[in-house]
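In what follows, every chain begins at residue 1, and chains take the letters A, B, ... in the order their sequences are listed. Quick caveat: nothing in here was measured; it's all calculated off a predicted structure.
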Number of protein chains: 2
Amino acid sequence: MKKSSLYKGCLEPILLRLLKDNGRMYGYQMTQMVKEITKGELNITEGALYPLLHKLEEQGVVETETEMNGNRMRKYYSLTKAGKKQTALAMDEMKAFMQSLEFIVNPKPVVG
Amino acid sequence: MKKSSLYKGCLEPILLRLLKDNGRMYGYQMTQMVKEITKGELNITEGALYPLLHKLEEQGVVETETEMNGNRMRKYYSLTKAGKKQTALAMDEMKAFMQSLEFIVNPKPVVG
DNA sequence: TTTTATGCATAATTTTCTTATGTATACAAA
DNA sequence: TTTGTATACATAAGAAAATTATGCATAAAA
């Protein structure tokens, strides 16, 4: 099993969290920030990132502004009002998920 | 996004952990234990469980003993020696994964 | 001038799961 | 008595979510 396969299914809430914390980000920036935060453990691939961002835009979760940085384009994403609501829900789910994982990976001994 | 999609990619290490803690288990028992531990949050489907157990057996990670309980069959799984090694590695990866998730979902404020 | 980094995008494929279906035993409820 | 629920296995078809590969383009470093 590939190490990073653990992250399968977590990409969307991770991106939502990044946008919630940082307000406005472009795709490449997200990949770099996650790489830094996870000390190189999670490298978001473009093939996963961009289609997901496009889907979130279609769903009205994020909105975009395209800007030029020198001669290079950057497409900035930020949460919509609906997106902020959805992010709050997603964070609750993440908490529950992480707690369940804790229970499984670090089970409390049954005190007899 | 479906709630349980967060668990994508985590099933294998979860099963390894169960076997590490409980020594010898049959498939249905695993589903029930996980359901209990996660307070109903994670319901492992048979379509995910059994093919994965079969794969682990092929790979020599687990070995099986089939027993009759009354008139009903139970196929007990336990970790092989190689499986125990792999489980140790998988648990290390899980720890790193969970810590990274913590960093993302609960970022430490930068103290200026 | 060739590699590495930045920055976007998409198609083909693979991995991993859900849903649906099948077989069979046991027990409780209607 | 037959209908639903629980136990217990198994597999096939399909969907979801990623990886890998490819493409375009600018910029800087080796």
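Considering only side-chain N and O atoms, B:His54 lies nowhere under 4.0 angstrom from the phosphate OP1 or OP2 of D:dC9. Residue A:Thr45 places at least one side-chain N or O under 4.0 Å from the OP1 or OP2 atom of D:dT19. Proximity of B:Ser5 to the phosphate of D:dA17: a side-chain N or O atom is located under 4.0 Å from OP1 or OP2. Phosphate proximity of D:dC9 to B:Tyr50: present, with a side-chain N or O under 4.0 Å from OP1 or OP2. Close to D:dT19, at under 4.0 Å from its OP1 or OP2, lies no side-chain N or O of A:Lys8.
Rounded to a whole Å, the CG atom of A:Leu15 is 13 Å from the P atom of D:dA17. Rounded to an integer number of Å, the gap from CD of B:Glu12 to P of D:dA18 is 18 Å. Distance, A:Leu53 CG to D:dA17 P: 15 Å, rounded to whole Å. If you take CD of B:Glu67 and P of C:dT25, they are 19 Å apart, rounded to a whole angstrom. Spacing between atom NZ of B:Lys35 and atom C1' of D:dA8 amounts to 14 Å, rounded to whole angstrom units. Counting to the nearest Å, the P atom of D:dT19 and the CG atom of A:Leu49 are 11 Å from each other.
The 5' end of DNA chain C is approached more closely, in terms of each residue's nearest nucleotide, by A:Arg74 than by the other of A:Ala48 and A:Arg74. If B:Tyr26 and B:Gly47 are placed on DNA chain D by their nearest nucleotide, the residue sitting closer to the 5' end is B:Tyr26.
Residues that satisfy the side chain to side chain donor-acceptor pair (under 3.5 Å) test with B:Tyr77, not counting sequence neighbours, are absent from this structure. For A:Glu58, the side chain to side chain donor-acceptor pair (under 3.5 Å) criterion is met by no residue, not counting sequence neighbours.
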Check nucleotides 23-27 of chain D against the protein and report each pair of N or O atoms closer than 3.5 Å, with its distance, or say if there are none.
residue: D:dT26; atom: O2; partner: A:Arg72; partner atom: NH1; Å: 2.9
residue: D:dA27; atom: OP1; partner: A:Asn71; partner atom: ND2; Å: 3.3
residue: D:dA27; atom: O4'; partner: A:Arg72; partner atom: NH1; Å: 3.1

